[in-house]
Amino acid sequence: MAGRLWISVWFILTAPLMLWDAGFCLMRPRSMVGGDLHWIWAFYEFYGDVDHVYGVKAFEDGEGFANAAAVLNVIENVFGIVYLWTTHVWPSELATLAGYTGSAMTLAKTLLYVSQEYFCGFCATGHNTLSGMLCYWILPNVAWITMSGLIMYHLGKDIIRSLRLTSGRVKCE
């Protein structure tokens, strides 16, 4: 299975970012300002001010959304790594299903995150300026939604084609 290079590039680029994000959430309070591991996640001192889900108050109040999303980040990454492995190292038909599943999880989690923020009246991000909101919250979420959707579309077509081939409904092209 050859795979699509752009999908592999996406998984390679996003895996470290998603694991870094998950690490910040799951290592709190050590990853926060004043923690011995804060230097690894110094950016989150800024981002916690942009998105209060990542902030000190949410952590102190015991809000669990960031940690729940972090666990999903790890699982999504497992699927992305399986995609990369079964595309480039040990080719297998499992690659398509793994890539599709990981992307579906990313899309669902991102839509849940955006929807939750919408339905609470932008309770964690509404304090930002329009330009700050656009730059640090809207555009990144649009990127995750768009790329996940595109990956699902392309790998979904591959899955459908494979199902049709195995059912005898379509001849090999």
Side-chain angles (χ1 to χ4, degrees), residues 4 6-84 98-157:
R4 290 183 171 84
W6 67 272
I7 294 173
S8 295
V9 169
W10 176 257
F11 283 133
I12 289 168
L13 293 176
T14 59
L17 180 62
M18 291 172 70
L19 292 172
W20 182 61
D21 184 74
F24 171 78
C25 294
L26 297 173
M27 293 300 293
R28 294 182 300 176
R30 295 180 67 195
S31 60
M32 302 177 93
V33 174
D36 62 321
L37 299 176
H38 174 66
W39 60 274
I40 299 170
W41 292 281
F43 169 76
Y44 282 91
E45 183 174 353
F46 164 75
Y47 198 71
D49 290 335
V50 171
D51 185 345
H52 291 164
V53 166
Y54 287 90
V56 174
K57 184 172 181 335
F59 173 74
E60 289 174 345
D61 289 349
E63 294 180 20
F65 189 84
N67 282 4
V71 170
L72 290 179
N73 278 351
V74 173
I75 296 168
E76 292 162 44
N77 265 293
V78 168
F79 283 107
I81 291 166
V82 168
Y83 174 84
L84 292 168
Y100 184 91
T101 302
S103 292
M105 290 181 69
T106 300
L107 179 63
K109 182 194 70 199
T110 306
L111 290 174
L112 176 66
Y113 183 56
V114 170
S115 297
Q116 189 278 333
E117 191 63 12
Y118 171 78
F119 287 113
C120 75
F122 296 94
C123 56
T125 61
H127 60 280
N128 291 291
T129 63
L130 179 59
S131 63
M133 185 79 159
L134 186 65
C135 184
Y136 300 115
W137 199 83
I138 295 171
L139 290 177
N141 282 307
V142 167
W144 288 107
I145 290 166
T146 302
M147 292 303 292
S148 297
L150 286 172
I151 291 169
M152 289 175 63
Y153 173 76
H154 287 285
L155 295 181
K157 284 188 346 184

Go through Tyr44 and Met32 one step at a time and tell me if the side-chain contact (heavy atoms from CB on, under 4.5 Å) criterion holds. CA-CA 8 Å; Tyr44 282 91; Met32 302 177 93; over 6 Å; no

Applied to residues 126-142, the salt bridge (Lys or Arg N to Asp or Glu O under 4.0 Å) test, sequence neighbours excluded, yields none

Side chain to side chain donor-acceptor pair (under 3.5 Å) involving Thr129 - partner list, sequence neighbours excluded: Ser131

Can you list everything that forms a disulfide (SG to SG under 2.5 Å) with Cys120? Sequence neighbours excluded, please. Cys123

For the residue pair Val33 and His38, what are the closest heavy atoms and their distance? N-ND1, 3.4 Å

Would you please name every residue forming a side-chain contact (heavy atoms from CB on, under 4.5 Å) with Ile40, sequence neighbours left out? Trp20, Leu37

Run the side-chain donor-acceptor check on residues 146-155: report pairs under 3.5 Å with partners two or more places apart or on a different chain.
from, atom 1, to, atom 2, distance (Å)
Thr146, OG1, Val142, O, 2.8
Ser148, OG, Trp144, O, 2.8

Could you check whether any side-chain heavy atom of Trp41 comes within less than 4.5 Å of a side-chain heavy atom of Met27, counting everything from C-beta outward? yes

In chain order, what residues pass the side chain to side chain donor-acceptor pair (under 3.5 Å) check against Thr106, with sequence neighbours excluded? Glu76

Within residues 35-50 or reaching into it, pairs that qualify as salt bridge (Lys or Arg N to Asp or Glu O under 4.0 Å) - sequence neighbours excluded: Arg30-Asp36

For a 4.5 angstrom cut-off between non-hydrogen side-chain atoms, does His127 reach Phe122? no

Quick one, Met105 and Phe79 - any side-chain contact, counting heavy atoms below 4.5 Å? yes

Applying ring-ring contact (aromatic ring centres under 6.0 Å, His included), can you list everything that pairs with Tyr136, at least two apart in sequence or on another chain? Phe46

Using the test side chain to side chain donor-acceptor pair (under 3.5 Å), find all partners of Thr14 that sit at least two apart in sequence or belong to another chain. none

Run Thr125 and His52 through side-chain contact (heavy atoms from CB on, under 4.5 Å) and show every step you take. CA-CA 7 Å; Thr125 61; His52 291 164; over 6 Å; no

Is the closest side-chain heavy-atom distance between Phe11 and Ser103 below 4.5 Å? yes

Applying side-chain hydrogen bond (donor to acceptor under 3.5 Å, both in side chains) as the test, list every pair that has at least one member in residues 56-74; sequence neighbours left out. Asp21-Asn73, Arg28-Asn67, Lys57-Asp61, Asn73-Lys109

Salt bridge (Lys or Arg N to Asp or Glu O under 4.0 Å) contacts in which one or both residues fall within residues 130-142, not counting sequence neighbours: none

Looking at CD1 of Ile12 and OH of Tyr83, how far apart are the two atoms once the value is rounded to the nearest 0.5 Å? 10.0 Å

List the residues meeting side-chain contact (heavy atoms from CB on, under 4.5 Å) with Leu134, not counting sequence neighbours, and say none if there are none. Ile138, Leu139

If the plane angle is over 60° it's perpendicular, under 30° parallel, otherwise tilted; pick one for Tyr54 and Phe24. tilted

